[in-house]
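First the proteins, then the strands, lettered A, B, ... as listed; each starts at 1. For the numbers below, each heavy atom of this structure counts, side chains included, while hydrogens, waters and symmetry mates do not.
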Number of protein chains: 2
Amino acid sequence: MGTAHLHSAPHTTKERILSAAEELFARHGFDGASLRQLTAAAGVNLAAVNYHFGSKDRLIEEVFRRRLDELNSRRMAALSRIAGQEGTTLEDVLAAFIKPALDLSHDDSGSLFMRVLARAFAEHDDTLRKFLSENYGHVMRQFTAEFARLLPHLSKEELYWRVDLVTGALTHAMSGFGMIQRKSDVTEHTHREQTAAHLIRFAAAGLSHP
Amino acid sequence: MGTAHLHSAPHTTKERILSAAEELFARHGFDGASLRQLTAAAGVNLAAVNYHFGSKDRLIEEVFRRRLDELNSRRMAALSRIAGQEGTTLEDVLAAFIKPALDLSHDDSGSLFMRVLARAFAEHDDTLRKFLSENYGHVMRQFTAEFARLLPHLSKEELYWRVDLVTGALTHAMSGFGMIQRKSDVTEHTHREQTAAHLIRFAAAGLSHP
DNA sequence: TCCGGAATCAAACGATCGTTTGAGCATACG
DNA sequence: CGTATGCTCAAACGATCGTTTGATTCCGGA
């Protein structure tokens with residue numbers, strides 16, 4: 001839990017490794033990206049990875065942790081503002097889930113992380129799944145509980161199915177980002193709003209259809 | 001270029017390699033599964049892969065070709081029976097797309113292939129994407145054209161988005177198979193029908209929402 | 001029966017992988 | 001100033017990778 005000064009760490013060796021790792025893991029996969037490519041891209045010595053992270057596997061975990069801590073705390077914050085409230089709509093909950101991910105996709109190199117995440121889904125690696133489930137499973141559980149409240153006519157089994165399908169669609173969409181290109185006459189911000197509205201409407205239709 | 005007797009080749013070395021490759025690629029990825037594991041699992045000599053397929057990359061292509069030829073010809077056959085007809089519904093077209101994949105998922109080791117396919121989506125490998133696009137892109141184009149006919153109120157851009165999202169959901173669902181377990185009191189056949197109906201309703205809602 | 005191409009085999013090739021080592025360098029503290 | 005500590009570095013380690021080689025076995029047709 002320590003990890004002092006999460007922000008404002010611009011040029012340290014650890015940060016340079018993490019950024020290069022995120023890009024190369026997204027582009028070539030966890031096995032496909034070697035530590036030699038990685039450290040060369042980061043401009044650091046080969047041994048620096050094992051010195052600072054212990055092993056390649058622990059580096060992979062840190063790549064996830066850096067982004068998911070931020071992403072999931074934003075999702076939880078957005079959800080806690082609306083969960084259980086009377087006027088809350090399905091679209092509100094979906095917005096709390098989707099918008100933080102879109103914000104992440106937009107900033108500097110965060111969009112690459114979504115591709116890393118998509119790879120993690122495709123890999124049915126038990127170690128990685130266990131790590132993700134243990135550290136971030138409660139987020140998905142909270143959202144599912146809120147979906148259940150707003151969709152009382154669905155059985156638990158039915159709801160799990162639909163949430164799973166929506167998750168697949170969103171992961172696929174965000175990792176294969178850029179299907180819809182931003183028109184030159186709209187700002188980045190409004191484009192993101194439009195994309196969010198798009199995904200939310202699709203997910204709402206899939207979740208709540210009769 | 002021969003490739004005589006495509007069917008009915010039960011015990012040949014090539015077939016044993018292809019089956020073992022499908023399983024190990026699904027389980028450990030294309031890089032993660034080595035030719036030594038693969039040939040050991042198949043009970044053949046290490047050099048047999050390069051003798052019969054030329055290289056590991058060409059073996060990967062053959063793994064795709066063997067299943068996708070069958071899958072896509074069934075999809076095209078089902079589509080051609082309903083495309084352009086007056087009474088055809090959106091659900092009919094989706095059934096033509098989904099049911100052949102479910103049939104494939106069900107038989108002997110076909111379900112593993114869906115995981116291989118999901119990996120191929122996650123990998124943004126250009127060589128593999130080009131291979132899939134060149135050989136099977138026309139199928140997706142035909143289905144999209146029929147969707148466009150049945151959903152005339154959607155712009156081309158809007159339609160592409162929704163088709164992409166539906167594709168992501170289905171790929172995710174079929175590769176992560178087993179979310180819904182078959183109850184012991186329903187037959188395999190009716191379970192498959194129920195699953196198909198489920199996916200079709202979800203996809204129809206996502207495609208046609210206002 | 002003998003021959004010739006197809007198929008299989010053990011063994012080795014060079015390359016690259018993740019990881020470790022031990023010396024060298026820096027900076028801060030007594 | 002001397003030294004301890006945190007970090008970087010080139011080099012090497014053993015393991016494993018995809019691929020190739022050359023000998024051996026198999027088997028149908030003249």
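- Nearest-nucleotide positions on DNA chain D place A/Ala48 closer to the 5' end than the other of B/Gly32 and A/Ala48.
- One can place NE2 of A/His28 at 12 Å from P of C/dC17, the figure rounded to the nearest angstrom.
- For the residue pair B/Asp69/B/Tyr136, the side-chain donor-acceptor check at 3.5 Å is satisfied.
- Between B/Phe53 atom CZ and D/dT19 atom C1' the separation is 16 Å, expressed in whole Å.
- Side-chain nitrogen and oxygen atoms of B/Ser34 include none within less than 4.0 Å of the OP1 or OP2 phosphate oxygen of D/dT16.
- Proximity note for A/Asn50 (side chain, C-beta onward) versus C/dA6, C/dT20, D/dT20: the nearest is C/dT20.
- B/Leu46 has its CG atom 8 Å from the C1' atom of D/dG18, to the nearest Å.
- With B/Ser19 contributing its side chain and B/Arg16 its backbone, the two residues share no donor-acceptor pair below 3.5 Å.
- The side chain of A/Leu35 lies closest to C/dG18, out of D/dT19, C/dA10, C/dG18.
- When B/Leu154, B/Leu90, B/Val166 are each tested for a side chain to side chain contact (heavy atoms under 4.5 Å, CB included) with B/Phe147, only one passes: B/Leu90.
- Note: CG (A/Leu38) to C1' (C/dT19) measures 15 Å, nearest angstrom.
- In this structure, A/Asp57 atom CG and C/dC17 atom P are separated by 16 Å, rounded to whole Å.
- For the pair B/His52 and C/dT8, the criterion of a side-chain N or O lying under 4.0 Å from OP1 or OP2 is met.
- At least one side-chain nitrogen or oxygen of B/Asn45 sits closer than 4.0 Å to the OP1 or OP2 atom of C/dA10.
- For D/dT8, one of the phosphate oxygens OP1 or OP2 lies less than 4.0 angstrom from a side-chain nitrogen or oxygen of A/Thr13.
- Between A/Phe30 and A/Phe64, the angle of the ring planes lies from 30° to 60°, which puts this pair in the tilted group.
- Between the CZ atom of B/Arg16 and the C1' atom of C/dT8 there is a distance of 13 Å, given to the nearest Å.
- Picking from D/dT19, C/dC9, C/dT19 the nucleotide with the shortest atom distance to the side chain of A/Arg36 gives C/dT19.
- As rounded to whole Å, 11 Å separates atom C1' of C/dG18 from atom CG of A/Asp31.
- Going from atom CD1 of A/Ile17 over to atom P of C/dT19 covers 13 Å, rounded to whole Å.
- In summary, B/Arg58 and B/Glu61 do not engage in a salt bridge, as defined by a charged side-chain N under 4.0 Å from a carboxylate O.
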